[in-house]
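Inspection log for the structure reproduced underneath, given as structure tokens.
Residue numbers start from 1 in every chain, and the chains themselves are labelled A, B, ... in the order their sequence lines are given, proteins ahead of strands.
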Amino acid sequence: MPFIPHTEEEVRQMLDAIGANSIEDLFDEIPADLRSFSLDKIPEGLPEMEVAHLMHERARKDSNVHCFIGAGAYDHHIPSAVWEIATRGEFYSAYTPYQAEASQGTLQLLYEYQSMMSALMDMDVSNASLYDGASALGEAILMAIRAHRKSKSKKILVPKSLHPAYRQAANAIVKNQDIELIEIPFESATGKTSLAALSEYAGTDITALVIGQPNFFGVLEDVDGLTRWAEENNTMTIAVVNPLAMSVLKPPGQWGDNGADIACGEGQPLGIPLSSGGPYFGFMCATQKIVRQMPGRIIGRTVDLDGKPGFSLTLQAREQHIRRSKATSNICTNQGLMVTAATIHMSLLGAEGLARAAAGSHDKHRKLVSGLSAIEGVEVKFDSPVFNEAVISLPVDNATVLEALAADNVLAGFDLKKDYPELGNALLVCATEKHSAASIDLFIEKLGALLAS
Amino acid sequence: MPFIPHTEEEVRQMLDAIGANSIEDLFDEIPADLRSFSLDKIPEGLPEMEVAHLMHERARKDSNVHCFIGAGAYDHHIPSAVWEIATRGEFYSAYTPYQAEASQGTLQLLYEYQSMMSALMDMDVSNASLYDGASALGEAILMAIRAHRKSKSKKILVPKSLHPAYRQAANAIVKNQDIELIEIPFESATGKTSLAALSEYAGTDITALVIGQPNFFGVLEDVDGLTRWAEENNTMTIAVVNPLAMSVLKPPGQWGDNGADIACGEGQPLGIPLSSGGPYFGFMCATQKIVRQMPGRIIGRTVDLDGKPGFSLTLQAREQHIRRSKATSNICTNQGLMVTAATIHMSLLGAEGLARAAAGSHDKHRKLVSGLSAIEGVEVKFDSPVFNEAVISLPVDNATVLEALAADNVLAGFDLKKDYPELGNALLVCATEKHSAASIDLFIEKLGALLAS
Amino acid sequence: MLIFEQSSKGRVAHAQSPATKASLDDLPADMLRETPPLMPEVSEMQAVRHYTRLSQKNFSIDTHFYPLGSCTMKYNPRACNSLSMLPGLVDRHPYAPDSHSQGFLSCMHDLQEILKEVTGMKAVSLSPMAGAQGEFAGVAMIKAYHESRGDMARNEIIVPDAAHGTNPASAVMCGYKIQEIPTRDDGDIDVDALKEVLGPQTAGIMLTNPSTVGVFERRIQEIAALVHEAGGLLYYDGANLNAILGKVRPGDMGFDVIHMNLHKTFSTPHGGGGPGAGPVGVSERLEPFLPIPMIDYDGTNYRFITADDRPQSIGRLSAFAGNAGILLRAYIYARLLGRQGMTRVAEYSTLNANYMLKKMKAAGFEAAYPDRRATHEFIITLRKEAKDLGVNAMDFAKRLLDYGVHAPTTYFPLLVPECFLIEPTETESIDALDNFVEAMIKIREEAETGADRVKGAPYTLPVRRLDDVKAARELDIAWKPAE
Amino acid sequence: MLIFEQSSKGRVAHAQSPATKASLDDLPADMLRETPPLMPEVSEMQAVRHYTRLSQKNFSIDTHFYPLGSCTMKYNPRACNSLSMLPGLVDRHPYAPDSHSQGFLSCMHDLQEILKEVTGMKAVSLSPMAGAQGEFAGVAMIKAYHESRGDMARNEIIVPDAAHGTNPASAVMCGYKIQEIPTRDDGDIDVDALKEVLGPQTAGIMLTNPSTVGVFERRIQEIAALVHEAGGLLYYDGANLNAILGKVRPGDMGFDVIHMNLHKTFSTPHGGGGPGAGPVGVSERLEPFLPIPMIDYDGTNYRFITADDRPQSIGRLSAFAGNAGILLRAYIYARLLGRQGMTRVAEYSTLNANYMLKKMKAAGFEAAYPDRRATHEFIITLRKEAKDLGVNAMDFAKRLLDYGVHAPTTYFPLLVPECFLIEPTETESIDALDNFVEAMIKIREEAETGADRVKGAPYTLPVRRLDDVKAARELDIAWKPAE
Ligand SMILES: Cc1ncc(COP(=O)(O)O)c(C=O)c1O
Ligand SMILES: Cc1ncc(COP(=O)(O)O)c(C=O)c1O
């Protein structure tokens with residue numbers, strides 16, 4: 001019996017103690033007519049060795065690709081130490097740190113995480129994580145609505161240049177609470193959120209404006225202009241940023257005159273493997289004055305009975321286990337282990353290492369894009385500074401190109417046609433510091449050959 | 001500077017404290033004329049990311065083979081837990097447990113290891129490891145010579161059916177001490193050590209007889225007969241065994257009338273990956289009465305100042321750091337981490353799991369051999385019970401077959417021609433419980449097709 | 001000491017980033033960061049040492065018995081971790097095309113099928129990222145269902161007083177009002193009270209069965225009939241699925257929608273606070289509303305089911321496909337257990353809980369529901385000890401830590417005073433259970449000779465009891481360098 | 001509690017072996033085992049929990065400052081472990097054909113080349129499995145060399161009194177007698193004494209430089225000339241290579257043969273007692289005698305050099321090719337460091353040692369060689385403290401553990417009374433060094449108020465001081481069940 005330690009003799013001894021004849025007896029409160037069904041479609045158990053066979057085989061099927069897709073998930077270098085430590089049993093197999101005294105490892109780490117994220121965003125406070133970037137945006141919108149007491153509209157302006165999946169997920173999360181997400185178009189030449197379109201809403205009651213940096217196209221938004229617009233219109237700002245990029249780009253706390261109110265996003269670039277899209281972690285930072293509206297766990301530094309410093313969950317009165325239906329969010333289990341990895345990752349890189357990774361990544365992207373755009377018929381779509389990825393347009397059908405290159409194990413980018421048909425045959429392509437020059441050349445060569453043929 | 005924490009300012013501060021102008025000054029006792037050389041042929045340092053690229057590429061070159069070579073190194077299932085725990089920093093990056101109080105983890109584990117090995121061999125005592133199986137045989141021979149005070153000959157009988165590399169290594173290790181290794185032939189029909197040939201030495205002064213079980217051909221030796229011969233001739237016995245096999249085969253402690261005197265061998269089948277032949281670990285067990293002649297570290301259970309049980313290195317007076325030129329061996333660093341893994345491995349499998357692994361391995365081997373020997377012209381070489389591997393003879397040149405199959409990524413076995421030309425076109429083939437039926441069928445099919453063509 | 005306090009200005013772990021910083025000269029200066037963030041500046045070894053040592057300050061399943069009720073802290077097989085991190089899986093991009101994803105997609109599809117079978121539901125979506133998000137998805141589906149039928153008046157969700165806090169919080173996020181109903185002294189729901197609150201405003205009811213008081217709701221079929229008659233739907237909070245896995249199925253009890261906590265029942269690690277995975281399963285009528293993406297199999301190829309296939313879907317809850325790596329771990333676990341092994345999960349977790357309950361009672365501790373079978377967990381109340389000896393449940397909990405046992409869940413569910421919700425799980429041996437009972441007896445003995453020793457606990461941990469009031473009042477949640 | 005004491009008869013971790021035991025009916029009954037060995041019978045979780053908790057009882061580089069002289073306990077980069085265990089490497093069979101081994105072989109070949117360059121030797125064999133086996137190989141080559149020249153009378157190896165115990169032990173294993181020579185008060189070898197023992201019976205001398213007393217042997221060139229004149233060869237014990245890596249090369253000093261401790265200088269883990277790797281490098285005249293196998297590269301392919309290629313080889317020292325996985329780790333480390341990084345190893349380990357020495361002296365501790373530069377390590381003698389305060393080096397060592405610092409090497413080399421051999425390594429920060437000095441000062445202060453506190457140490461570890469005498473007298477080295 002895998003993972004069950006009981007010997008037959010022990011089972012007998014336990015049943016005797018209980019005063020039951022069989023294990024089956026212990027289920028005698030369950031109505032008998034609920035007990036007949038078959039599990040035949042579930043396979044027989046296998047020893048670890050056989051499951052390992054199976055998983056190796058399946059993993060092999062998805063292996064050995066040259067992947068140039070970014071679109072919200074980025075393949076950066078992760079030091080070996082990160083996951084060797086994060087998967088230590090004491091981190092890996094602990095529960096949420098409710099018993100503070102028995103969880104100082106996790107608690108101190110989370111406090112350090114909060115400190116690092118606050119610094120990276122240049123914001124006052126951080127929570128200890130949300131599920132992922134997209135759902136964090138949903139939570140940020142709900143938080144803005146709670147925090148912006150003067151605004152009654154529940155209207156949120158969301159640029160169309162924001163990741164489509166983020167817009168969809170945020171909508172799914174907030175739509176049942178009569179919140180309206182209003183789409184703001186982007187300028188077709190620059191790919192930036194249109195300040196002209198925004199001006200339509202000037203003077204009206206808007207609860208918050210969402211600003212992505214970089215936006216889904218990799219394009220750098222005019223974050224100062226957008227934030228100032230919000231400041232002038234009594235609108236809160238929600239920054240959705242790539243945290244690694246913030247090691248080199250102006251962070252949300254410095255946008256406009258007073259900085260963004262809330263910063264959130266996807267923590268994945270900070271030491272989390274691609275892993276088919278998850279588990280990643282959503283981060284959220286905010287200004288001090290709205291900390292009590294923040295969802296999720298928060299760790300505080302305090303002292304013990306002897307006056308020795310220690311850490312514990314704090315501001316729990318915001319949370320569902322105390323406040324139930326009046327909580328700031330329903331979130332309970334968050335993404336602790338991912339934050340553990342990210343904290344170790346950030347410690348190993350430091351500000352300098354993060355900046356070098358970001359710049360190195362951007363550099364590889366420039367090499368890729370300059371190679372691709374030198375191909376006859378391939379063009380860079382937007383006339384704007386970008387970070388780490390860019391939209392290119394192809395002279396022929398997107399899908400055909402993607403399929404042909406995939407046959408050579410080159411995954412050539414994210415197909416924008418479905419979400420942005422107005423962009424024509426456009427691909428979002430990305431390279432990071434991890435891409436070898438050979439891999440980048442292969443892509444350029446294959447695309448060149450394909451388009452020449 | 002990878003792995004060096006010093007900032008420029010700290011270096012200055014430290015040099016000031018020392019009273020030196022530069023780091024270079026600290027080397028001023030080295031004669032100046034020794035200081036000019038170039039390291040230009042050593043490559044520049046690379047960040048971890050680039051070294052990872054390089055290693056992935058190299059690893060890929062050696063991947064994805066169907067390997068049917070055993071010959072002293074066996075690919076058995078290793079539970080994931082084994083190496084996840086063995087590579088925890090506290091085990092991985094600790095030194096030899098000289099400071100017992102700060103090393104109770106390693107010390108207790110080693111005590112448990114000694115207990116498990118003693119049980120597996122059914123011998124009184126075990127040391128805490130030697131380098132590998134072959135060098136352990138060398139040490140066992142030296143130990144026998146120290147222990148067998150009455151024997152003056154320094155003659156050791158070594159069956160030719162023992163692993164050729166073991167014979168070579170043992171010889172390299174003992175030959176400078178006027179020790180003579182005498183080769184005992186095997187019976188050509190059975191592959192077993194020839195008792196007839198042995199009888200030549202009856203009544204002469206022989207220090208020890210080496211007995212392999214199974215022998216290099218996978219053949220089970222008549223261990224009782226051989227041990228009795230030694231007992232009758234006042235000769236010590238050194239068992240060289242596959243420890244996993246001992247979970248199902250009669251262990252050295254039960255051979256003959258009184259059991260073997262020393263048991264040694266290669267610990268690799270107990271949770272150590274193939275890893276190109278090392279690091280593995282040599283084990284050594286013995287009877288209580290010759291424990292003081294045993295080489296290597298030994299851990300003992302004792303008590304602390306408060307009477308609490310604890311563990312420490314014991315019988316250190318045998319060792320080089322105390323006895324210097326009079327030590328039982330020069331061994332210092334041994335294979336601690338491998339033993340750590342093996343101990344966890346044995347705990348996870350237990351006696352029943354080890355026996356199932358051994359029997360399962362043997363079973364896969366039987367399937368392989370029955371499939372191979374059904375091929376026209378392929379024959380099983382010896383008419384003897386074997387464990388886990390067997391010698392087959394081919395109707396055509398060995399090398400050609402091996403090369404042809406290798407082109408299909410099937411590594412078809414160990415070529416015996418060089419070490420045993422008398423066996424003709426013979427291969428030593430092996431399968432373990434880890435081989436899938438599909439992989440075994442592939443080998444059979446490819447060999448069949450090749451020989452039919 | 002904090003990692004920040006080990007920093008030295010300019011220290012860099014050089015193996016971990018490119019040797020130089022590449023130029024960003026194509027970016028306008030006013031978009032760049034002027035001063036670097038205040039991050040730790042430590043060597044690789046300092047980071048490794050710091051976090052290795054921090055880890056040692058935790059209790060965890062790999063180090064301690066952890067009978068935390070409602071949390072199912074059972075052994076997390078190490079193979080689930082290592083096999084889910086194989087190259088090809090760990091580095092698969094979420095937008096890799098189906099042609100290069102058949103390995104991953106087949107695992108996800110198989111997991112959907114296994115979860116369907118073992119819960120008795122018609123269809124499963126794996127995408128919710130934890131139990132609470134599963135609850136949200138479930139209630140959102142209930143809402144979408146009513147709305148799709150034009151049934152707009154249903155604005156209430158019924159929740160028992162014993163329910164987990166996420167239940168009401170999730171319903172509120174879907175725009176519902178909460179109706180609370182009481183639990184009876186025997187642990188079952190008060191069906192009369194339920195009847196009273198049922199009506200045309202009822203959208204549905206959220207239940208767990210076994211409930212959070214550790215007993216099986218015996219009248220579940222009657223409750224299902226009543227709710228369905230009133231036009232409401234039944235939501236099953238799967239946090240306690242471990243108790244009944246392979247023994248009885250929520251789908252057969254009459255539930256319309258359920259979530260599963262794979263980080264409980266399917267043993268994916270809890271990681272010091274997640275990540276989890278909260279797949280949802282539904283009966284036929286809710287299938288169109290399931291959150292995307294899901295995985296389809298046409299007999300040859302696996303592919304993602306997207307919004308195009310499911311126009312009525314409540315939508316997507318994550319940027320990609322949920323906590324994929326956690327789902328892989330659950331899949332590996334499911335294959336290790338197989339059909340038989342799943343049934344044994346319920347059997348042996350129930351055996352362990354009933355054995356412990358019996359021993360606790362024999363030792364003189366008071367069971368909250370003395371006449372009921374324990375399920376996979378049970379409640380004792382320490383109100384007698386609190387009153388007679390002046391040591392409450394929290395004191396017992398803290399002192400248990402000194403005995404090398406993680407405390408059970410305390411003060412939840414709220415309706416039982418001074419309660420311990422104890423869940424041993426199936427992976428603990430009889431020795432661990434006996435040890436716990438002995439520790440409890442010893443602590444009571446200590447308390448009998450004076451409350452102070454117990455109230456001062458713990459003594460052997462990295463810190464003693466922490467000042468939570470100070471933590472909240474003098475909020476220090478991000479380190480700032482001393483001025 | 002021992003793992004055996006957690007056993008329960010019949011308990012099996014079922015995921016870890018085939019579901020049933022296959023038949024062995026083709027094997028004769030009298031060759032089979034009748035009763036199973038007495039092994040632990042535990043669940044997977046019990047084993048995981050037991051060994052995880054045991055691990056926590058260790059000091060290690062990943063958790064503590066570990067300034068163990070002569071042992072070079074520096075940071076073991078985690079990448080060296082994970083990259084050496086990539087599929088393709090970790091599962092390569094030692095007898096896989098060259099055609100399917102080019103990845104592995106190229107790493108081994110490159111490592112040989114790097115080690116040649118950085119030591120200044122003509123050729124390198126990677127096969128010895130630890131320092132001591134490297135010594136054995138080295139001395140065996142010296143012997144083979146003399147014998148190949150018909151020079152059979154040389155039967156002595158000279159060893160300084162400060163030498164590590166393995167040196168004489170290894171020479172004896174090669175059939176040599178040992179001639180010991182003294183170390184002078186300034187730490188250098190007594191060259192006059194050397195001259196006296198040199199003669200036609202001299203096979204060679206074994207030295208380390210810097211020596212085990214932590215100073216650089218200044219007259220090394222003169223010594224080399226003397227020994228060579230006498231017809232002997234020079235053996236270099238590379239345990240202290242960390243001190244001079246990239247700064248000065250044993251080959252240039254005149255050594256004929258050297259071993260390297262990769263588990264020291266090249267940072268492969270010490271693993272609680274190994275495995276190590278002790279490659280040997282030689283000058284031209286010893287090249288034919290190198291132990292097999294080695295790796296050859298013809299510009300296209302890599303292959304093993306075997307006995308066929310090297311008829312004069314001293315032979316093979318292991319069944320396969322030595323501790324291959326450790327060699328991979330060393331190779332990865334070498335690539336991470338590169339040329340420049342190697343030189344920095346010597347520079348910063350020397351800087352750290354000299355800084356500590358200076359601070360220790362300033363704090364009033366007595367240096368054994370006060371007028372000498374420290375190399376990567378240095379010796380202090382606590383004879384004054386032992387005499388005045390009644391606390392000896394061992395007492396200081398044990399008390400340091402309470403301060404969270406692993407003790408330096410004590411009582412080695414034997415010639416300095418009450419000695420600490422302190423080796424901080426290059427990977428420690430100034431803070432760690434300062435901490436150590438402060439702890440030493442505090443311990444001395446404690447001792448000044450009475451010896452007992454220090455003599456009773458350690459207090460904060462899993463056990464207090466152990467009874468080694470009892471351990472040896474009442475030998476308990478294998479667990480037996482209570483009758
Ligand atoms: C009964 C119950 N319901 C719901 C949840 C919420 O699940 P999660 O923490 O995964 O969001 C929990 C977990 O704590 C629970 O115990
Ligand atoms: C000076 C010296 N020589 C030789 C050795 C022996 O090396 P190993 O332990 O690798 O056999 C050591 C290691 O302890 C040493 O310090």
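- Atom CG of residue L411(B) and atom OG of residue S99(D) lie 7.5 Å apart, to the nearest 0.5 angstrom.
- In this structure, the separation between OG on S101(D) and NZ on K61(B) is 11.5 Å, given to the nearest 0.5 Å.
- For the residue pair Y51(D) and S347(B), a side-chain donor N or O sits within less than 3.5 Å of a side-chain acceptor on the partner.
- Not a single salt bridge (charged side-chain N to carboxylate O under 4.0 Å, His left out) links D62(B) to another residue, sequence neighbours left out.
- A donor-acceptor pair shorter than 3.5 Å can be found between the side chains of H100(D) and N409(B).
- For the residue pair Q335(B) and N323(D), a side-chain donor N or O sits within less than 3.5 Å of a side-chain acceptor on the partner.
- Contacts with chain D were tallied for R35(B), E10(B), K308(B); R35(B) has the most, counting heavy-atom pairs under 4.5 Å.
- I477(D) places a side-chain heavy atom less than 4.5 Å from the side chain of T314(B).
- With respect to K41(B) and E117(D), a salt bridge is recorded, a charged nitrogen being found less than 4.0 Å from a carboxylate O.
- A side-chain donor from one of H77(B) and Q16(D) sits under 3.5 Å from a side-chain acceptor of the other.
- Residue V223(B) does not touch chain D at all, counting heavy-atom pairs closer than 4.5 Å.
- Between the side chains of Y111(B) and D476(D), at least one donor-acceptor pair of N or O atoms lies under 3.5 Å.
- No side-chain heavy atom of F27(B) sits under 4.5 Å from any side-chain heavy atom of V248(D).
- The ring pair (Phe, Tyr, Trp, His ring centres under 6.0 Å) search around H270(D) returns Y95(B), H263(D), not counting sequence neighbours.
- A heavy-atom distance below 4.5 Å is not found between the side chains of I23(B) and K247(D).
- In summary, the aromatic rings of H6(B) and Y348(D) are positioned with their centroids under 6.0 Å apart.
- Scanning both residues, R373(D) and E29(B), for their nearest heavy atoms gives N-OE2, 3.0 Å.
- Rounding to the nearest 0.5 angstrom, the gap separating the CD1 atom in I114(D) from the CD1 atom in I42(B) is 6.5 Å.
- For K250(B) and D30(D), the salt-bridge test fails: no basic side-chain N is under 4.0 Å from an acidic carboxylate O.
- Side chain of N58(D) to main chain of G105(B): a donor-acceptor pair is present (N/O by atom type, distance under 3.5 Å, no hydrogens or angles).
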